[in-house]
Amino acid sequence: MSEVETAPLIAILDYGIGNLRSAQKGFERVGADVHLTSDSGLIAEAAGVVLPGVGHFGACMRELRAAKLDDLACSVIESGVPFLGICIGMQMLFEGSEEAPDVRGLGVLPGQALLLPDGLPRPQMQWNQLNIQRDGSPLLAGIKDRSWMYFVHSYAVETEPDLVVATCEYGINVTAMVEKGSLWATQFHPEKSGELGRAFAENFYRQVIAQ
Amino acid sequence: MKSVRVIPCLDVDQGRVVKGVNFVGLRDAGDPVELAARYDAEGADEVVFLDITASSDNRETIIELARKVAEEVYIPFTIGGGVRSVDDARLLLRAGADKVSVNSAAVHRPGLVSELAAAFGSQCVVVAIDAKSNEDKTWNVYINGGREDVGLDVVDWAREVTDLGAGEILLTSMDGDGTRNGYDLELTRAVVDAVRVPVIASGGVGTLDHLVNGAIDGRADAVLAASIFHFGEHTVREAKEALLAAGVVVRPPVNEL
C-alpha cells in the first residue's frame, strides 16, 4: 500500500452523472491514485483534477452547480493544478452550448459548443483521427498526427484557434483538444481509446507528478 | 470523415459466453472478459454483450460482468438484455458499461427510451430491433428471439425510437441471423436512410465480404458479427484488412495505429 500512499492524487469530480468508473479506470491503469469525489477538501489537495461529463450539457452543468463544484473547478484551474476536461467536461469549460442556450458554462475558456452539421450521423459515435494543429503539447507526447481516438458527441466547441491543439474532420473541423497552460480538454474519450488513450493518460499523469 | 466500426458480439448466459466459442490460445473460451480483451487487442472498435439469461433474478451476474470488463477493456462496450428501467441501466453504467441496449422492454413501453435518454444522454441508449421481412419489401419488429410479431413496421419504429432519444440502432435481421448468408442490405439501407443516428448492421455474417457489403451497400455505420470471430475463422484484424482493401474507412488494426 505504500506505493498508493505516495502516489499523487488525481481527483475525478463526481457530480452524480453516468459512467465515471471508466474515467477512474483510465487513470488507475497508469498507476495513479484516483478518487471519484465531490469532497472539496480532497479536491483542493489533489495534484491533478479531471472533469468528466456525458449526456446533456444543461443537465451536467446543473448537477455540477448542485454539487457546488463549479466555483471549485474554476479556482483549481486558476491555481495552475493540472486539469483535464473530457467530452461534456470539455464543453462545460466554455461559455455555453447550443444544447442548453439558457445554461451558462463555466466560462473559463472563450467559445461555445455548437450542434454538429447535418449530413453525417449524429452523434458522431466512432473512432476518428486527430489532426494535430500544433506540436509540443505535453499530453500528445508520443502520439502521432493522424492517431485514432474514440469520440461520442453531437456538439463541438468553437473557440479561438490559438487554443486548439488538435481537430478531427467530421463534416467540419471539430475541435478535438484544447490547451491553455496546465488546462487541457478533449472532446474524445482517452479512457476509451485503447492503447493511445493510455499514452494520453500517462502524459497527463506525468504533468500531475511534475507539478 | 465517417469511419465504420467493427463490433464483435458476445451472447452471454449466466455470465458465460454461449453460442459456441472455439478459440485457440484462451484458457477458457467461455469467459466473456477474456474474449473481449482478445477482441480489443485485435483492433475491435467496440464490443457488445447480449445477456440472454432467461431469468430476471440474475441481474447481479451481468453487473459483475460489466465491472470485470471495465477492468480489462479500454474500448467502449454495450450491454443489452434485461434492462427494463432507469435503475437497471444505472447499475450497468455505474459498473462501467458505456451504453445499454434495450429491445423488447422498449416495445412494451416506448417511454423507457426517453427516460433513459433523459437520465444518461442519448449516447448511452442503443435500441436493438429484431426485424423479419414481410412479402412486400417491408419488415416487422419481432421480440422473444424472433418468435413474436409485434405488428410494428421496422422503419417506423426506428424513427420513433430516435425521436424518443435513442442514440444508436442495433438492427438485426432475424431472416439472416444464423444463416451466414450476409446482412439484409435492403433492410439496413432502409433504416440508415430513415434515421440520423448511427446504425449497426447485424445478423447473417458468414464471410468477410459480408462485412464489406454491410458497410458499402448497406451503408451501415458499424458492422457486427459473432460466429465468424468466435470460431477463430477470422480475426478482427482480418476483418479490418478486408474493409480497408475495399476502400472502407476504418481504424486500422491495432499495431498499425
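Just so it is clear: chains get the letters A, B, ... in the order the sequence lines come, proteins before strands, and each one is counted from 1. Source: prediction; values computed, not measured.
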Residue part contacting chain B, namely of A:Glu191, when any heavy atom lies under 4.5 Å: backbone
B:Val192, part contacting chain A, at a heavy-atom distance under 4.5 Å: neither
Relative to chain A, which of B:Pro76, B:Cys124, B:Ala95, B:Ala118 shows the most heavy atom pairs under 4.5 Å? B:Pro76
Using heavy-atom distances under 4.5 Å, tell me whether B:Ala97 contacts chain A through its side chain, its backbone, both, or neither. backbone
Taking every heavy atom of A:Pro121 against every heavy atom of B:Pro198, the minimum-distance pair comes out as CB-N, 4.1 Å
The reported gap from OG in A:Ser22 to CD1 in B:Ile75 (rounded to nearest 0.5 angstrom) is 12.5 Å
Take a 6.0 Å sphere around CD of A:Glu202 and say whether it holds more than 12 heavy atoms from other residues, nucleotides or ligands. yes
Scored by heavy-atom pairs under 4.5 Å with chain A, the best of B:Thr162, B:Val199, B:Val197, B:Leu92 is B:Val197
Please state whether the side chain, the backbone, both or neither of B:Ser122 comes within less than 4.5 Å of a heavy atom of chain A. neither
For residues B:Tyr74 and A:Glu195, determine if any side-chain heavy atom of one lies less than 4.5 Å from a side-chain heavy atom of the other. no
Please tell me if the side chains of A:Val54 and B:Gln123 come closer than 4.5 Å, counting only heavy atoms from C-beta onward. yes
Is it true that, when you exclude A:Asp135 itself, more than 12 heavy atoms of the residues, nucleotides or ligands shown sit nearer than 6.0 Å to its CG? no
Is a side-chain N or O of B:Arg5 found less than 3.5 angstrom from the main chain of A:Met125, in a donor-acceptor match? yes
For chain B, which residues from residues 167-178 of chain A have at least one heavy atom closer than 4.5 Å to it? A:Glu169, A:Tyr170, A:Gly171
Surrounding CZ of A:Arg134 (heavy atoms of other residues, nucleotides or ligands, distance under 6.0 Å), is the total greater than 12? yes
Pick one of side chain, backbone, both or neither for B:Ala89, based on which atoms fall under 4.5 Å of a heavy atom in chain A. neither
A:Tyr150 versus B:Glu46: any side-chain heavy-atom pair under 4.5 Å? yes
As a test of understanding, state which of A:Glu28, A:Arg21, A:Arg29 forms a side chain to side chain contact (heavy atoms under 4.5 Å, CB included) with B:Glu71. A:Arg21
Main chain of B:Asp45, side chain of A:Trp127: is a donor-acceptor contact present, judged purely on distance under 3.5 Å? yes
Top of A:Asp118, A:Val152, A:Leu120 for chain B proximity - count of heavy-atom pairs under 4.5 angstrom: A:Asp118
With chain A, which of B:Gly96, B:Gly167, B:Ala117 has the greatest number of heavy-atom pairs at distances under 4.5 Å? B:Gly96
Residue selection (most heavy-atom pairs with chain A, distance under 4.5 Å) from B:Asp98, B:Val73, B:Val195, B:Asp221: B:Asp98
Considering only heavy atoms, which portion of B:Val249 lies under 4.5 Å from any heavy atom of chain A: side chain, backbone, both, or neither? side chain
Would a 4.5 Å heavy-atom cut-off, applied to side chains only, mark B:Met1 and A:Asn128 as touching? yes
Note: vs chain B, highest number of non-hydrogen pairs under 4.5 angstrom among A:Ala23, A:Ala59, A:Pro123 is A:Pro123
